[in-house]
Structures are given as C-alpha cells and as structure tokens.
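Along the sequence shown, the residues carry numbers beginning at 1.
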Amino acid sequence: MCVNICSSSCHSILRLNFLNGTIPEALGTLSSLNILDLYSNSLSGHIPVELGELSVLQFLNLDDNNLDGELPEELGNLVTLQHLYLTANKFTGRIPETFDKLIHLETFAVGGNYLSGQMPSYIGNWVNLTKLILIGNNFEGTLPAETFSLPKLQRLLVSDVSNPGISFPKREVIPESLIYLVLRNCKINGSIPEYIGKWPELSYLDLSFNNLSGGVPESFQKLNKLFLTSNELTKLPSWITKKPKPSSYPKADLSYNNFNVKCTNEKCSGLASVNILPTRSFIDNMKTEKCYRKHNSLFINCGGEELNVGKDHYHNDTSTSSFNLSPSDDWAYSFSGDYLWATVNASTFVRNSTCKDCTPETKIDNDFRLAPISLMYYGLCLHKGKYIVTLHFSETLYSKGEDHSITGKRVFDVYIQGRLVKKDLNIKEIPELQNEVRKLKFPAKINEGSLEIKLLWAGKGSLYNPPGINGPLIEAISVTRVSRKLHRWEIALITIGCLLFLMLLLAFSLRMGWIGGRKLRSGH
C-alpha cells in the first residue's frame, strides 16, 4: 500500500481493493487526513498506534478485514472522529477507557469480533450517536441505562452478552429516534415492558433467544418486524387471537415459545406473516410421536432434490417455509431470523443447481440451505445407539471476486443434541480433501429416538458484505449408526452358547447314527 503526503485536507479511500499485508504505520504522518476507508480488503495484523496521531480524522472504516489484537488506546486521541467502523475482524480485549473522549461519534460499529469485558458506561455520554453496533462479541454485564435515552440513536444492535446479561431500564424511557433495536441472546429475564411498544419511531424489534416470560405486549402491533423466537412466552396478544383480524400487523416470528395453541398449520395464527409454530410443546410431541418404523440412518440433501449417492438415499429439502416436517415424518427443519441490511424472499434460503450432466455427488455440492440466524434439523424415528453425524459444507456465496464477497467471512456455531460441538466455525477454514467437499464429523448418542442439529449465527464474521448472504449454510447431512462393539460378557455368552449348540448337535448326530454308524454296522 502506497502512502501519499497531503498538504491540506485529504481522503484515503481504498475500499474493495483486495489489499493485503498490514496497515502502514506511515499513515499516521498524514496530519491532514480526515477520511481513511479500507473497507473489505484482506489486511491483517494490528491497528498501528500511529493512527492515533491523525488529529483531524473524522471517518475511519476498517470493516471486513483480518485485523486482530486489541484496540489501541491511542485511537481515543481522535477527538474529531465521527464514524468508527471496525466490524468483521478478529479484535480481542476490552474497549479502551480512552474512547470516552470520542464525544463526537455518530457511528460506533465493532460487531462481529471477539471483544470482551464490560460494555463501557461512557457510551451513555455519546449524545451524537446514531448507530451503536456491538452485536457478535463476548461482552459481559449490561448496557448503561442512559443508552436507551440517547437523543439521536437510531440503531442499537447487541447480542450474546453474559454475566448477568442485559436488563431493560426500570423506569419508562422514551427514545426519540430509535428505529432498530436488537437485543438477541442477552440473558434478558422477566416480562417485556409495555412501554417499548410506545417508542414513537421503533419499527424493528428483535429480542430472540432470551428468557422472556409472560405475554407479547399489545402495543407491538404497530411494529413492522418483530422477532421473539426462543423465549418462554405464554400469552399471545389480541391482535393475533381476535376475529376479525386487524388490517395491519408486523411480520413476526414467535416460534419456540410456550404458547398453548392447538393447530397443525405452519402459521397457526391465521395471519400470513406471523409464525407461531413450532412451539416448544410441538417439538416435544414431534420427537416423542409413535414411530411405525425406526431407522439406522438419515440422509438429507439440504436445499436440493431427492437423489441417491451409492446406496444412500438423500431426502428432498426444497421447502421454503420456516418450518417443515417431511412427508415421511422422519425428519424436520426450521429456521428463524432476518437480515437487517437486506430484504429477501423465501427463495433466498434454498439454492439448488439444474445442471444436466451433474453426478449425484456434484449435485449435492451445488445445493445448499441458508438461514439468517438459526437453522435446526431434527432426525426422528432413529434407533437407540451411537451415531456419526456428518455435515457437508462449501462456501459458495463468499467466493466471488467481482462483487468482492470473496473477502467475506461466514462464522457460526454448531450444536448437536443441545451441546456446543464447534464454536465460531468458518467454512473457509475447514480442511478440504482432494475431490471432496468440506466435511465435519461429530459423534452423537440417541436415547429417545430423535436427533437435534442446530446451526446458530452469533453475530460474528461479515455483517453486510454483501448484505443478505451471511448466517449458517449447509449442503447435506448424513447420519449413520456406529456398529456396536460387544462387551466381554456378551462374547463369552455367545461362545458358550455356540459350544453348547455344537455339543447338542454332536449328541443328536450320534443318537441318529449319522456319526460312526458305518463302522458299527460293519462290525455287526
């Protein structure tokens, strides 16, 4: 990367240029630089502390690179900075205390990293902030209550917070400008405050994967999009249950809650854009449903048509609904979530090839299913025992040079039977054997006849490069039973049984004269 000396105010916009190597320390000598944009390259290493000497810098974008290490305290000297983008890198450590001097910030975006520690209390003093993107890190604690009252804040995105997690302000607050609020997997307990629905500009609300209980507030009817999946909610609002149906209501995902509903159709509510199924009890019943036939294996061509690969029969998986139970009733899937930076239709989540000369193996390699946040597969009616679960992957979306998506990173977690078996999986980093797609194998134990596979995007990796293609992706699933090894006592029992059988057979043969009979007759 070359560095030009600026005698007056200057810009350095080098986004989408496939730059690699480290950021030159000499950039810190460009005293008149007010814009530094290195978005979506392949830069690595640490942020040079010398960038803290850019005293008039107003815009710094290092999104979607491979930078690592801790955030330099020296960046706190950039007191004129208005926009700071650091998402989709590999930064670790805490947000420096020196950042409290960045009082002119309008954008603070550090999502998709590995930052940890407490979320700084001084965030509540950034009164000019319009975008606060903390999603996909390893933060602890809660947000300062003042954050919800920042007068200009329009987007607040946080996820995967622990110890003890985020809580809503105890007193009613009315943010003047907040449009997008995401507090996903933030260990939020208790009921949802009714006052949230009264926020004048709020149109997008995601409180998924928390421990929320009680009911869905009536005031949420005015929202455009609502995501409350995977909570402990029990009561539906009247705008879902009453008749006739209201003229306007949000696109809503309320699946995986504890609603007491009796229905079998996907929507359940009768509202075209409101998903209630599957509820938690629905999944429990599905797993324990009586099986007329049990299996030792399961093969799914995710996103593709039914086909055979050798002796293995792969099931069709081309449905575009958010939940689908296979016609054979021996497997199901569900997905949830939404893309913040893109509007997509259902066909986006299923991609399958139509090539004429494809072999079955090649066909599997070109089919896949995609999900914005969570993708669940259930294997049903499987025999009790130990199994090997093989997941097939191929990064077919973050792979193009012409749209610069090749620099993107797809990172998600893998759970088998509710247990985290692979954290921060990056498909591009899976070893690829010659002439084979990338595969990962995991052992699984089945006691009650069902298998659960969960792929979950926890906010890491690329957020919007390009928008609408991040989240978990999978090409195929194969589940095979492991041949059980016999215990010593079983081997001994079988051996004794065989010896007894031979002795009985010998005795019977002697009695019938089948053995030694000729010798006895000739002696007579």
Residue pairs meeting salt bridge (charged side-chain N to carboxylate O under 4.0 Å, His left out), one or both in residues 407-424, sequence neighbours left out, come to D64-K409, E395-R410, D413-K423
Sorted by chain and number, sequence neighbours left out, ring-ring contact (aromatic ring centres under 6.0 Å, His included) with Y314 holds for F299
>> Between E475 and R438 (salt bridge meaning N to carboxylate O under 4.0 Å), is one present in this structure?
In response: no
For F335, the ring-ring contact (aromatic ring centres under 6.0 Å, His included) test, sequence neighbours excluded, returns F349
Report task. For the residue pair S394 and T396, confirm or rule out a side-chain donor-acceptor distance under 3.5 Å. Result -> no
Ring geometry between Y377 and Y333 (parallel below 30°, tilted from 30 to 60°, perpendicular above 60°): tilted
Shortest non-hydrogen pair, N258 vs E232, comes out as ND2-OE1, 2.7 Å
Using 30° and 60° as the class boundaries, would you call the ring planes of F323 and F282 parallel, tilted or perpendicular? perpendicular
message: Taking the side chain as everything from C-beta on, heavy atoms only, tell me whether V414 gets closer than 4.5 Å to L440.
response: no
Applying ring-ring contact (aromatic ring centres under 6.0 Å, His included) to F227 and not counting sequence neighbours gives Y204
Contacts of C186 meeting disulfide (SG to SG under 2.5 Å) (sequence neighbours excluded), chain-then-number -> none
Which side-chain N or O atoms in residues 95-114 pair as donor and acceptor under 3.5 Å with protein atoms at least two apart or in another chain?
| unit_1 | atom_1 | unit_2 | atom_2 | d |
| --- | --- | --- | --- | --- |
| T98 | OG1 | E73 | O | 2.7 |
| K101 | NZ | N77 | OD1 | 3.2 |
| T107 | OG1 | H83 | ND1 | 2.9 |
| N113 | OD1 | N89 | N | 3.2 |
| N113 | OD1 | K90 | N | 3.2 |
| N113 | OD1 | F91 | N | 3.1 |
| N113 | ND2 | L86 | O | 3.0 |
| N113 | ND2 | V110 | O | 3.0 |
| N113 | ND2 | G111 | O | 3.2 |

